[in-house]
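It should be emphasised that the depicted structure is a prediction, and the values quoted were computed from it without experimental measurement. Order of the sequence lines fixes the chain letters, A, B, ..., with proteins taken first and strands second; residue numbering starts at 1 for each chain.
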There are 2 protein chains.
Amino acid sequence: MTNFKDDSSQYLISTVSKRSGVKSDLVRAWERRYQAVTPTRTAGGHRVYTDQDIARLKLLNQATSSGHSISQIARFSLDQLKKLLQHDPSITLPDPNNTVLLTGERKFLAEDYVEKCYAAVLAFDAKMLESHFENAIVELGSQSFIENLLTPLLTKIDKHRKSGELRPVHEHMASAIIRSLTYILRNNNPCSEHAPRMIVSTPIGQIYELGALLAAIIAELKGWQVTYLGADLPAEEIAVAVKYTNARAVTISISFSNDDHIIPKEIRRLRKLIGNNVALIVGGRSAAYYEAVLDEVGVVKIQSYEHFRQILDELASANAAAL
Amino acid sequence: MTNFKDDSSQYLISTVSKRSGVKSDLVRAWERRYQAVTPTRTAGGHRVYTDQDIARLKLLNQATSSGHSISQIARFSLDQLKKLLQHDPSITLPDPNNTVLLTGERKFLAEDYVEKCYAAVLAFDAKMLESHFENAIVELGSQSFIENLLTPLLTKIDKHRKSGELRPVHEHMASAIIRSLTYILRNNNPCSEHAPRMIVSTPIGQIYELGALLAAIIAELKGWQVTYLGADLPAEEIAVAVKYTNARAVTISISFSNDDHIIPKEIRRLRKLIGNNVALIVGGRSAAYYEAVLDEVGVVKIQSYEHFRQILDELASANAAAL
DNA sequence: ACAAGCTTTACAAAACCTTGACAAAAATTG
DNA sequence: CAATTTTTGTCAAGGTTTTGTAAAGCTTGT
């Protein structure tokens, strides 16, 4: 997976100076004397800084002007500096342990975010929720964000809505924000021309589209070229899209089991229309409910995110072999 | 098979220079020194640029004039550049270079894009469509993008779907992509704490949400703090959201006139629930159809984008005065 | 033919770099 | 408390890199 923490932006010293408020000469002096920042260099020797460096210098600047000695704090981490400025006149224990996020810690981090996000939903604070989401995406990466934060959060919201603690409008608000994040979640994925193609949608009558959307994003992260069609589409339309794009797979999400006679009919029709050479993948909360039909027409049922990714890999390699 | 030759449009360097605001000599220098763009060539050796190249140069131009070093950012992707400028607290100058682009030219440009985008929809080429959209947002800016490109395009798509040239799936595909662009369209707007608040949604039974989404974006660009709730919400839920957020206005979009008895009922209920101190704004293709009810309960009817913006300004200043 | 392109070479202003020095402020010591 | 170090911010000199612009001479295309 691509490293999300890449310092996509790089600045020269004058910009850094303007932004951080520390004069260029001083920036260099702090580097020379205490390695307060350690910029990379261009081929010609010019210093190149990251956003982090700027943040760091900003904090160092504040700290020194409020009395701290630069030689003492120059090597503090960002977090330490923040703390330092919070409890202003107090002494913070030097704890230069740089935290490396292990998988376990990351999971804990995600759980922490779930709580914070749920609190924002409960308070109906859209801005706060969005802000948490944005931070979480950067910290966790797209995949972990979806699997360890979004999915548990949606489950939690659904549960509390059913129990009456939340109203439908809470869920709507959260959905709207999540959908608006699509762009960031899929970002940076210049998929190749030869990537296998997939159609993602939701059968007619299924309005709750978030599951399908997340499936589409996961497939994209896996290198597929996905065409996402949104919700509530008849089988014919999905089949047409398959033809147009020459897709190798169709993924549909089934979240509710309202009209029990419509879904099976649509599934059968879809299989008939797309033929047997196109993989039909079904996921969603209520997919299990239709097991009979799914087995009948030969559908791959998604058991878990891990399973979905595995399916995608298998299909992709089968597809590559067929070429 | 799909025509991937991107024949869409090709420009010579003088055109590129005018549109992007970067002098011809400099465009060549950037190419020679940093491969900032890599145009193809005609048989005779003249450089041939694409829309993407223009968007790229435009962004590079902005980035350099806000302090970034060209050598550092020349090879950034479009997405990276956008992020760079979004995260940039520097002055987002209203494009002094683009005084060249008169309103008329800009309109022509938008029309050009409408054609290209429609062609992509017709070819069911989601990737191409998205790429055109991204370039157009950079070139036109959010507001012009929505008003001069998106709106005509959606009208055109709707017309051709009704006439049978397009299928519903074409429209779904386009909608899905447009929705995924929400994030770019609204970004850049760190609205203040004291901004007036607004709820945007679609009444129950109304699934087509794009109009509401665009209204929400426009209001945000105007400095409002908008909570977008998505489609298909009962009046009670909308009213609850108003209470939670202490919103001063509610905007709802009505695109279809299916169940003629439900909408009026919902409108009346909504007015009753939110009281008379909250502005109720209604737009959408089919809003005129319900004129009787709208007048009865005191609704502001949106006549045009210009009108909508005017309403927003009036409400905002009335709100500010009341504080 | 003539405007618009292309390449190469050059140039100069602006921005950086390093080294080394210096004085005010802060800390330490006698 | 005064004298002595240390720490810190600033500056200057002299050299290099980056970057926008331009001129010269030739080619392309309408």
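Among the nucleotides D/dT21, D/dT8, C/dC6, the one closest to any side-chain atom of B/Arg28 is C/dC6. Side-chain proximity of A/Arg47 to the nucleotides C/dT8, C/dG5, C/dT18 is greatest for C/dT18. For A/Asp25, whose side chain is taken as the heavy atoms from C-beta onward, the closest listed nucleotide among D/dG9, D/dC11, D/dT17 is D/dC11. For A/Trp30, counting side-chain heavy atoms from C-beta on, the closest listed nucleotide (D/dG9, C/dC6, D/dT8) is D/dG9. Listed nucleotides: C/dT8, D/dG20, C/dC17. Nearest to the side chain of B/Arg32: C/dT8.
Residues B/Leu109 and B/Leu140 share a closest heavy-atom pair of CD2-CD2, 4.2 Å. Scanning both residues, B/Ala55 and B/Asn135, for their nearest heavy atoms gives CB-OD1, 3.6 Å. The minimum heavy-atom distance between A/Leu60 and A/Ile70, with the atom names listed, is CD2-CD1, 4.3 Å.
B/Ser24 comes within 4.0 angstrom of nothing in the nucleic acid, heavy atoms only. Among the atoms of the strands shown, only primed sugar atoms or phosphate atoms (P, OP1, OP2) are found under 4.0 Å from some heavy atom of A/Ser69.
For the pair B/Arg19 and B/Tyr11, the cation sits on the ring face: its NZ or CZ lies under 6.0 Å from the ring centre, inside 45° of the axis.
Within 3.5 Å, a donor on the side chain of B/Arg33 pairs with an acceptor on the base of D/dG20, or the reverse.
With the nearest nucleotide of DNA chain C identified for both A/Gly45 and B/Thr15, B/Thr15 has the one nearer the 5' end. Remark on DNA chain D: of its neighbouring residues A/Ser71 and A/His46, the 5'-side contact belongs to A/Ser71, judged by nearest-heavy-atom nucleotide. Map A/Gly44 and B/Tyr49 each onto its nearest nucleotide of DNA chain C; the residue landing nearer the 5' end is B/Tyr49.
Distances shown here put a side-chain N or O of B/Tyr34 below 4.0 Å from the OP1 or OP2 atom of D/dT19. A sub-4.0 Å separation between OP1 or OP2 of D/dG9 and a side-chain N or O of A/Lys23 is absent.
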